[in-house]
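So the structure is just underneath, and the comments pick up after that.
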Amino acid sequence: MAAGIRYSDVALGTELPSASFPLARVDLVRYCGASGDFNVIHWNERLATSVGLPNVIAHGMLTMAEAIRVVTDWVGDPGALVQYGVRFTRPVVVPDNDHGATLDVSAKVTELLDDNCVKITITASCEGQTVLGKAQAIVRLP
Amino acid sequence: MALNADFIGREYPVSAPYLVGREKIREFARAIGEANLVFFDCVAARALGYPDLIAPPTFATVVAMESSHVVMFDPDLGLDFTRVVHAEQSYAYARPICAGDELIVSTMIDNIRTVAGNDMLTTKASIDTVNGEHVVTATSVLVSRGVDS
């Protein structure tokens, strides 16, 4: 089932298959339950707007979880991940309608490292605006 | 209110063990829309050499949740929870978290600084098995927005 990417197949600038992830209100509620993070700004529009947000926003950790799927799906074995970090630069606003928000994720190899490792820089955006900064992963390839 | 910079280096008591269950991994994987079989199917996980299901990379947040709350709600630290934003998160993995792991979390305050009137708190949480095997280190930056920003 592994995609079978090998270190020797990869070059600087290699682009990973991009993906789009829909995020509707029900996805946020499901993530609240699965993660244990029930912060009201992720499910209660009244309280989210009362603290100055435009609407309910997705958990940063949910955005982070979706974004790395582009990398782990490419590698096949998620255990190849050595490091992963992001900055949450802009909230993903999830309106109360049928389609919610869409997270668009692309990624490319930006550094070849020792020990069969490569650094991947991830771009995650919503409505054309990036929502993660310095989103980088290091994976060790066979 | 500015955070108490004397707390840099403060170590919190090690958490109670968290036993990683298969169904919790599956629930979390479904919640993030995962389809990779190594999070759902023991046969697929074993085919990659793992003893049991592995957890998605950000599952560490579930394991560390209680410990992060201990820091956030530490009255002596003085974090105003209503003004806190999660600014950065990173993980350094020794190996993936695996079903059956019994994990303990050791959290310390790595840094406190003030940037443009906002308090920035960096915590480091080492997640290890009860047998002393290191699994992952989680680094979080929380920002408490200053009253003027």
Side-chain angles (χ1 to χ4, degrees), chain A residues 1-3 19-23 26-41 47 50-53 57 59-69 71-73 75-89 91 103 132-140, chain B residues 23-39 41 43-45 47-50 53-66 68-69 72 81-98 136-143 145 149:
Chain A
M1 57 155 293
S20 292
F21 305 104
L23 286 172
V26 66
D27 300 308
L28 306 196
V29 172
R30 190 180 288 115
Y31 186 80
C32 285
S35 69
D37 181 349
F38 288 91
N39 191 325
V40 293
I41 60 174
L47 294 171
S50 79
V51 295
L53 293 166
I57 64 169
H59 302 71
M61 289 305 303
L62 174 55
T63 308
M64 184 180 188
E66 300 278 23
I68 196 63
R69 290 177 55 199
V71 177
T72 53
D73 285 349
V75 177
D77 177 2
L81 196 61
V82 177
Q83 274 185 46
Y84 177 37
V86 304
R87 287 184 183 168
F88 304 106
T89 51
L103 184 71
L132 298 178
K134 281 201 81 169
Q136 293 181 329
I138 295 175
V139 291
R140 184 175 291 118
Chain B
E23 298 308 336
K24 188 65 193 178
I25 289 179
R26 290 178 176 131
E27 178 193 11
F28 186 82
R30 275 194 298 271
I32 60 172
E34 269 291 354
N36 193 321
L37 284 177
V38 292
F39 306 132
D41 177 359
V43 174
L48 287 178
Y50 299 110
L53 295 186
I54 63 169
T58 60
F59 186 81
T61 190
V62 176
V63 178
M65 187 72 68
E66 286 291 328
S68 64
H69 286 172
M72 277 196 281
F81 183 68
T82 63
R83 307 192 67 82
V84 166
V85 178
H86 194 180
E88 295 176 35
Q89 181 66 45
S90 67
Y91 296 106
Y93 303 95
R95 67 162 173 82
I97 291 172
C98 203
V136 53
T137 301
T139 305
S140 308
V141 179
L142 301 178
V143 173
R145 293 173 294 144
S149 61

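Protein chains get the first letters and strands the later ones, always in sequence-line order, with residue 1 at the start of each.
Here the CZ atom belonging to A:Arg30 is positioned 9.0 Å from the CZ atom belonging to B:Arg30, to the nearest 0.5 angstrom. To the nearest 0.5 Å, atom CD of residue B:Glu88 and atom CG of residue A:Leu132 are 11.5 Å apart. To the nearest 0.5 Å, atoms CD (A:Gln83) and OH (B:Tyr93) are separated by 10.0 Å. B:Thr61 contributes atom OG1, which lies 4.0 Å from atom CE of A:Met61 (distance to the nearest 0.5 angstrom). The CD atom of B:Glu34 lies 8.0 Å from the CD atom of A:Glu66; values are rounded to the nearest 0.5 Å. Taking NE2 of B:His86 as the start and CG of A:Asp37 as the end, the distance is 9.5 Å to the nearest 0.5 Å.
Top candidate by heavy-atom pairs under 4.5 Å with chain B, chosen from A:Val29, A:Asn39, A:Val82, is A:Val82. The residue among A:Arg69, A:Met64, A:Arg87, A:Gln136 with the most heavy atom pairs within less than 4.5 Å of chain B is A:Arg69. No other option in A:Ala34, A:Gly33, A:Gly85 has as many heavy-atom pairs under 4.5 Å with chain B as A:Ala34. For chain A, the option among B:Glu66, B:Glu27, B:His69 with the highest count of heavy-atom pairs below 4.5 Å is B:Glu27.
Interface residue B:Tyr50: only side-chain heavy atoms are found under 4.5 Å from chain A. Using a 4.5 Å cut-off between heavy atoms, B:Ile32 touches chain A through backbone and side chain atoms alike. Proximity to chain A involves both the backbone and the side chain of B:Ala92, based on heavy atoms less than 4.5 angstrom apart.
Nearest heavy-atom pair across A:Ile68 and B:Pro57 is CG2-CG, 4.2 Å. Of all heavy-atom pairs between A:Pro78 and B:Asn36, the closest is CG-ND2, 3.6 Å. Taking all atoms of both residues into account, the shortest heavy-atom contact from B:Ala31 to A:Tyr31 is CB-CA, 4.1 Å. The two atoms that bring A:Gly76 and B:Leu48 nearest to each other are O-CD1, 4.5 Å, heavy atoms only.
Looking at heavy atoms from C-beta onward, A:Phe88 lies out of side-chain contact with B:Val143 at the 4.5 angstrom threshold.
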